Amino acid sequence: ALLLAWERLTSDLMHDTRRFEASFRHNLTRYVNAALLDGLCLLAELPYQRGAEKASRLRELDGVVARLRVLVRQCFMQRALGERRYERYQEQVNELGKMVGGWLRFLEEEG
């Protein structure tokens, strides 16, 4: 579920960043897309991690979620995203954060 939700966010947000003005495409867009792809790669590797390494990767993923929150907010503040898209993306990012946090809590309780 987490991977599918992240893929959906990546697809939608990367589609929208293509339509940003040229000044955004060369800086803010690069950071947004890099964070989305970093998270996607971390998620793709998680099934192959065990124990402490998995928890470490999840904490790293949690950091990517925090980065995305700030970047999406900046997209809105720079008027690259409208209010409805901003709210939708923030809801998606918050949901991802809840999933990652829940997984981390589960691993911490287990270990």
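Since the model is a prediction, treat every value here as computed from it, not as a measurement. All values below come from the heavy atoms of this structure, side chains included, with hydrogens, waters and symmetry mates left out.
Counting heavy atoms from C-beta outward, Trp6 and Val93 have side chains that stay 4.5 Å or more apart. In this structure, the side chains of Leu61 and Leu96 stay at 4.5 Å or more apart for every pair of heavy atoms. The shortest side-chain heavy-atom distance between Met14 and Leu37 falls under the 4.5 Å cut-off. Counting heavy atoms from C-beta outward, Asn27 and Phe20 have side chains that stay 4.5 Å or more apart.
Applying the ring pair (Phe, Tyr, Trp, His ring centres under 6.0 Å) rule to pairs touching residues 64-83 yields Phe76-Tyr86, sequence neighbours excluded. Sequence neighbours left out, the pairs with a member in residues 58-87 that pass salt bridge (Lys or Arg N to Asp or Glu O under 4.0 Å) are Asp16-Arg85, Asp38-Arg67. Sorted by first then second residue, the salt bridge (Lys or Arg N to Asp or Glu O under 4.0 Å) pairs that include residues 6-15, not counting sequence neighbours, number zero. Residue pairs that meet the salt bridge (Lys or Arg N to Asp or Glu O under 4.0 Å) test with at least one member in residues 88-103, sequence neighbours left out, do not exist here. Pairs engaging residues 34-58 under the ring pair (Phe, Tyr, Trp, His ring centres under 6.0 Å) rule: none recorded [sequence neighbours left out].
Residue Leu42 holds its CG atom at 9.5 Å from OG of Ser56, rounded to the nearest 0.5 Å. Expressed to the nearest 0.5 Å, how far CG of Leu3 lies from CG of Leu40 amounts to 6.0 Å. With rounding to the nearest 0.5 angstrom, the OG1 atom of Thr10 is 9.0 Å from the CG atom of Asn33. Atom-to-atom distance recorded for Thr17:OG1 and Leu28:CG is 9.0 Å, nearest 0.5 angstrom. Taken from CD in Gln90 to CG in Leu81, the straight-line distance is 9.5 Å, to the nearest 0.5 Å.
The shortest heavy-atom contact between Leu71 and Ala35 is CD1-CB, 4.2 Å. Taking all atoms of both residues into account, the shortest heavy-atom contact from Val65 to Gly97 is CG1-CA, 3.8 Å.
Residues satisfying the salt bridge (charged side-chain N to carboxylate O under 4.0 Å, His left out) test with Glu45, not counting sequence neighbours, are Arg57.
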For side-chain contact (heavy atoms from CB on, under 4.5 Å), just list the numbers for Leu9 and Leu36, CA-CA rounded to whole Å, side-chain angles, deciding distance to a tenth of an Å, and then say yes or no. CA-CA 8 Å; Leu9 174 65; Leu36 290 166; 4.0 Å; yes
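With a 6.0 Å radius and a threshold of 12 heavy atoms from other residues, nucleotides or ligands, Glu21 has its CD atom at or below the threshold.
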Under 3.5 Å, which donor-acceptor pairs link side chains of residues 104-111 to any protein atom two or more places apart or in another chain?
unit_1 : atom_1 : unit_2 : atom_2 : d
Arg105 : NH1    : Gly101 : O      : 3.4

